[in-house]
Number of protein chains: 2
Amino acid sequence: MTADPVFAALASPARRELLRLLLEEGAQPAGRLADRFDMSRPSVSEHLKVLKDAGLVAETRRGRERHYRLEAEPLMSVRDWLVPYERFWRGKLAGLRGLLDEMEDDHG
Amino acid sequence: MTADPVFAALASPARRELLRLLLEEGAQPAGRLADRFDMSRPSVSEHLKVLKDAGLVAETRRGRERHYRLEAEPLMSVRDWLVPYERFWRGKLAGLRGLLDEMEDDHG
DNA sequence: ACTATATGTAGGATTTTTCCTACATATCAA
DNA sequence: TTGATATGTAGGAAAAATCCTACATATAGT
């Protein structure tokens, strides 16, 4: 229900890299993913578990391989969380523009 | 240059709550923020430091108070990071819709 | 059945995070 | 100046995250 484990999962660069690989190269078995890392295979497996618990990846067993695929839906809750801050940011830009307009009025 | 410390800062619920307070209630002195937490004031101060190092808040010294205000700009890099995943998500939805259309064709 | 492959789990060492209580610093007010 | 207020920093305990090397499990191929 909360976006909490999603934010926690995204805190690790290794896990964000895993998501990037799955996004750009599609679903892959765990071993092939692990090969890309300067880290032991079991450690990558742990990271995959964190992502899975956060709902960010799903696994499909194919023979003795486990293919992991991206599940982007939980990221949409991050986007939703971001919305009011984006509004705030735009508001600040608008305010700055207003200020610049005033300055132009003063000098022109 | 990297969004790394931003992602790390957002991992903590306490820090996200701080950002929410600053967003919804505007800039406030550290003490007033700390009062809202079930946590010691120095701990809140540490969280503010993490947010500050990530560029997510800025402080303005007013007398003996330090007013913290939201700096939303770094969050925009998170939004940018999110974009390709949003595309992926929409793509999956479109694919699902296509599948549903096919099913309707079959049965109707 | 036996061996090789693919992968998760256990147990533990190391590092990082989180949180606390004391203490230091700076400002305000009388 | 003296005392109260606002806040950061130091030092350390406790918890959590990270990463490793064995080991367990399950499947594939011979």
Side-chain angles (χ1 to χ4, degrees), chain A residues 2-22 25-71 74 78, chain B residues 2-22 25-71 74 78:
Chain A
T2 62
D4 226 88
V6 178
F7 277 108
L10 295 181
S12 153
R15 287 191 291 265
R16 291 201 304 281
E17 175 67 6
L18 279 169
L19 293 179
R20 188 188 69 77
L21 289 171
L22 292 178
E25 307 177 358
Q28 298 175 48
R32 185 132 58 92
L33 287 166
D35 287 344
R36 306 298 221 57
F37 286 81
D38 200 19
M39 186 189 303
S40 76
R41 187 193 50 71
S43 294
V44 175
S45 186
E46 293 272 350
H47 282 301
L48 283 170
K49 180 179 168 58
V50 173
L51 289 172
K52 191 177 127 196
D53 290 346
L56 287 165
V57 305
E59 69 181 39
T60 306
R61 310 171 86 127
R62 297 191 53 175
R64 57 186 156 182
E65 296 179 336
R66 295 200 191 179
H67 284 62
Y68 284 87
R69 65 171 181 280
L70 177 64
E71 288 285 333
V78 172
Chain B
T2 62
D4 226 88
V6 179
F7 277 108
L10 294 182
S12 153
R15 288 192 290 266
R16 290 201 305 280
E17 175 67 8
L18 279 169
L19 293 179
R20 190 188 67 79
L21 288 170
L22 292 177
E25 307 177 357
Q28 299 175 48
R32 184 133 57 92
L33 288 167
D35 288 344
R36 305 299 220 60
F37 286 81
D38 200 20
M39 187 190 300
S40 77
R41 186 194 50 70
S43 293
V44 173
S45 187
E46 293 272 350
H47 281 301
L48 283 169
K49 180 178 170 57
V50 173
L51 289 171
K52 190 176 129 199
D53 290 345
L56 288 166
V57 304
E59 67 180 42
T60 306
R61 310 169 84 126
R62 297 190 54 175
R64 58 186 154 179
E65 296 179 336
R66 296 200 190 178
H67 283 62
Y68 284 87
R69 67 171 179 281
L70 178 64
E71 289 284 333
V78 172

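Being a predicted model, the structure only gives us computed values, none of them experimental. Numbered from 1 within each chain, the chains take letters A, B, ... in sequence-line order.
- Taking atom CZ of A:Phe37 as the reference point, atom P of D:dT18 lies 13 Å away to the nearest angstrom.
- D:dT9 atom P lies 7 Å from atom CZ of B:Arg66, rounded to whole Å.
- Within 4.0 Å of A:Pro29, counting heavy atoms only, lie sugar-phosphate atoms of the nucleic acid but no base atom.
- Taking every side-chain heavy atom of A:Pro42 into account, D:dA22 is the closest of D:dA22, D:dG8, C:dT7.
- For the pair B:His47 NE2 and C:dT17 C1', the computed distance is 9 Å after rounding to whole Å.
- In this structure, B:Arg61 reaches neither bases nor backbone, as no heavy-atom distance under 4.0 Å exists between it and the strands shown.
- Following rounding to the nearest Å, A:Asp53 (CG) and D:dA17 (C1') show an atom-to-atom distance of 14 Å.
- For B:Glu17 and B:Arg20, the salt-bridge test passes: some basic side-chain N is under 4.0 Å from an acidic carboxylate O.
- For the pair B:Leu51 CG and C:dT17 C1', the computed distance is 14 Å after rounding to whole Å.
- Here D:dT18 presents its C1' atom at 9 Å from CZ of A:Arg15, a figure rounded to the nearest Å.
- Here D:dT18 presents its C1' atom at 8 Å from CE of A:Met39, a figure rounded to the nearest Å.
- B:Tyr68 comes within contact range of the sugar-phosphate backbone alone, with a heavy-atom separation under 4.0 Å but no base atom that close.
- Within the nucleic acid shown, A:Arg62 has no heavy atom closer than 4.0 Å to any nucleic acid atom.
- Put simply, the side chain of B:Val50 does not reach to within 4.5 Å of the side chain of B:Leu56, judged on heavy atoms.
- Computed from C1' positions of five pairs at each end, the angle between the two local axes of the helix from C:dA1-D:dT30 to C:dA30-D:dT1 equals 20°, rounded to 10 degrees.
- A close approach under 4.0 Å does not occur between any side-chain nitrogen or oxygen of A:His67 and OP1 or OP2 of C:dA6.
- Annotation: side chain of A:Arg16 is in contact with side chain of B:Asp4 (closest heavy-atom distance under 4.5 Å).
- Between A:Val44 and A:Ala8, the residue anchored closer to the 5' end of DNA chain D is A:Ala8, taking for each the nucleotide with the nearest heavy atom.
- Atom CG in B:Leu18 sits roughly 13 Å away from atom P in D:dT7 (whole-Å rounding).
- In terms of phosphate contacts, B:Ser45 brings a side-chain nitrogen or oxygen within less than 4.0 Å of OP1 or OP2 of D:dG8.
- Taking a cutoff of 4.0 Å between a charged side-chain nitrogen and a carboxylate oxygen, B:Glu25 and B:Arg32 do not qualify as a salt bridge.
- Phosphate proximity of D:dC20 to A:Ser43: present, with a side-chain N or O under 4.0 Å from OP1 or OP2.
- Within the 4.0 Å cut-off from OP1 or OP2 of C:dC20, at least one side-chain nitrogen or oxygen of B:Ser40 is found.
- Atoms NE2 and CG, from A:His67 and A:Leu22 in turn, are 11.0 Å apart once rounded to the nearest 0.5 Å.
- Out of D:dA22, C:dT5, C:dT21, the shortest distance to the side chain of A:Arg64 is found at C:dT5.
- Nearer to the 5' terminus of DNA chain D, by closest-nucleotide assignment, is the contact made by B:Ala30 (compared with the other of B:Ala30 and A:Asp38).
- Atoms CD and CG, on A:Glu71 and A:Leu51 in that order, are 11.5 Å from each other to the nearest 0.5 Å.
- Side-chain contact between A:Leu48 and A:Leu33: present, with at least one pair of heavy atoms (C-beta onward) separated by less than 4.5 Å.
- Taking for each of B:Arg41 and B:Glu46 the nucleotide of DNA chain C with the nearest heavy atom, the 5'-most of the two is the partner of B:Glu46.
- Atom NE2 of B:His47 is separated from atom NZ of B:Lys52 by 16.0 Å, given to the nearest 0.5 angstrom.
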